[in-house]
Amino acid sequence: MEKVPMTAEGHTAMMDEIKHLKSVERPRIIKAIEEARSHGDLSENAEYHAAKEQQGWTEARVAELEDKISRADVIDISKLSGDTVKFGAKVTLVDEETDDEASYQIVGEFEADVKKGKISVTSPIARAIIGKKTGDSVEVNTPGGGKSYEILKVKWK
């Protein structure tokens, strides 16, 4: 089983979601199933089928999260520092063509969310900038073609 890097923040978020699913969603769904059963004939009972579908989704999500956590190699980024881009770093880049700035934190695959500014350590941008320093220029092969970025800042929280 291959270990996957994950920030402590990402690990906590997954643990919180599992706790919510087990302590809030499971009991709610069980109650909905019991209530739907009390209505009689299950073959045409839409509430029962909807509750069973929710139960299946919830149990699958719990299993998925538990699998991810079991494979996680939790890295405490608060103990990291330096001016070289590594896992956990918050990096500000500028597109050398358009002068658009973007900031990203390099995180594990399971916690990546571009909308929140978190990119996977395996993404093309992260692979291109890991090991580089402030002021370095990098070429990134993206689905839209090659892009050139300059690293403006490397921060650690």
Side-chain angles (χ1 to χ4, degrees), residues 1-32 50-157:
M1 184 165 53
E2 186 180 330
K3 289 289 187 183
V4 178
M6 181 181 292
T7 64
E9 179 185 341
H11 185 267
T12 300
M14 284 187 187
M15 292 299 290
D16 289 347
E17 185 176 351
I18 289 173
K19 185 177 177 182
H20 174 77
L21 290 171
K22 286 182 173 181
S23 64
V24 176
E25 292 301 314
R26 265 186 189 161
R28 183 189 61 76
I29 292 168
I30 290 169
K31 188 175 180 182
K52 289 298 278 183
E53 191 172 311
Q54 280 184 328
Q55 183 182 38
W57 182 89
T58 300
E59 295 307 319
R61 181 66 179 155
V62 167
E64 175 189 9
L65 290 169
E66 287 176 341
D67 174 61
K68 288 177 179 181
I69 286 172
S70 73
R71 294 188 289 142
D73 179 13
V74 181
I75 297 171
D76 184 0
I77 60 172
S78 67
K79 293 185 170 98
L80 301 176
S81 63
D83 57 356
T84 303
V85 178
K86 320 179 242 220
F87 179 86
K90 290 184 179 178
V91 183
T92 304
L93 304 172
V94 63
D95 185 321
E96 292 182 338
E97 197 173 292
T98 65
D99 286 334
D100 290 339
E101 283 188 24
S103 293
Y104 301 108
Q105 181 180 17
I106 300 173
V107 297
E109 281 180 61
F110 302 143
E111 55 188 322
D113 185 346
V114 175
K115 291 178 186 163
K116 293 182 180 176
K118 297 180 178 208
I119 59 172
S120 169
V121 68
T122 60
S123 71
I125 292 176
R127 286 195 317 249
I129 63 176
I130 286 179
K132 305 288 192 262
K133 297 181 180 194
T134 302
D136 287 352
S137 287
V138 294
E139 284 289 322
V140 180
N141 292 323
T142 65
K147 300 280 275 179
S148 190
Y149 295 99
E150 180 183 345
I151 300 172
L152 295 181
K153 274 192 275 187
V154 179
K155 296 190 320 187
W156 300 93
K157 209 74 170 149

**OP:** Return the set of residues passing salt bridge (Lys or Arg N to Asp or Glu O under 4.0 Å) with K19 (not counting sequence neighbours), or none when no residue passes.
**Re:** none

Subject >> Residue list, salt bridge (Lys or Arg N to Asp or Glu O under 4.0 Å) with E25, at least two apart or on another chain >> reply: R28

Subject >> side-chain hydrogen bond (donor to acceptor under 3.5 Å, both in side chains) against E139, all qualifying residues, sequence neighbours excluded >> reply: S148

Subject >> R61: partners by side-chain hydrogen bond (donor to acceptor under 3.5 Å, both in side chains), with sequence neighbours left out >> reply: E17, E64

Of all heavy-atom pairs between [X] and [Y], which one has the smallest distance, and what is that distance?
| X | Y | value |
| --- | --- | --- |
| F87 | P5 | CE1-CB, 3.7 Å |
| V85 | I129 | CB-O, 3.2 Å |
| P124 | N141 | CB-O, 3.6 Å |
| W156 | I77 | CE3-O, 4.4 Å |
| V154 | T84 | CG1-O, 4.1 Å |
| P27 | K22 | CD-O, 3.4 Å |

Does the side chain of [X] reach to within under 4.5 Å of the side chain of [Y], using non-hydrogen atoms?
| X | Y | result |
| --- | --- | --- |
| E96 | S137 | yes |
| D16 | I18 | no |
| M6 | F110 | yes |
| I130 | V121 | yes |

Distance in Å, [X] [atom1] paired with [Y] [atom2], rounded so as to fall on 0.5 Å steps:
| X | Y | atom1 | atom2 | value |
| --- | --- | --- | --- | --- |
| W57 | Q55 | CH2 | CD | 13.0 Å |
| Q105 | I119 | CD | CD1 | 10.0 Å |
| T58 | E53 | OG1 | CD | 10.5 Å |
| Y149 | K132 | OH | NZ | 15.0 Å |
| L65 | H20 | CG | NE2 | 12.0 Å |
| I75 | T7 | CD1 | OG1 | 9.0 Å |

**OP:** Just jot down the side chain to side chain contact (heavy atoms under 4.5 Å, CB included) partners of A32, sequence neighbours excluded, or say none.
**Re:** A51

Original post:
Who are the side chain to side chain contact (heavy atoms under 4.5 Å, CB included) partners of T98, not counting sequence neighbours?
Top reply: D95, D100

**OP:** Given side chain to side chain contact (heavy atoms under 4.5 Å, CB included), test I69 with M15 step by step and report yes or no.
**Re:** CA-CA 8 Å; I69 286 172; M15 292 299 290; 3.2 Å; yes

**OP:** For the pair V91 and I125, evaluate side chain to side chain contact (heavy atoms under 4.5 Å, CB included) and give the outcome as yes or no after the intermediate values.
**Re:** CA-CA 11 Å; V91 183; I125 292 176; over 6 Å; no

Quick test of your reading of the model: are [X] and [Y] salt-bridged, counting only N-O distances below 4.0 Å?
| X | Y | result |
| --- | --- | --- |
| E59 | R26 | yes |
| R71 | E66 | no |
| K118 | E9 | yes |
| K133 | D136 | no |

Subject >> Backbone of A63 reached by a side-chain donor or acceptor of K68 within 3.5 Å >> reply: no

Original post:
Regarding T92 and E101, is there a side-chain donor-to-acceptor distance under 3.5 Å anywhere?
Top reply: no

Original post:
Going through the distances and angles, do L93 and I151 end up as a side chain to side chain contact (heavy atoms under 4.5 Å, CB included)?
Top reply: CA-CA 5 Å; L93 304 172; I151 300 172; 3.7 Å; yes

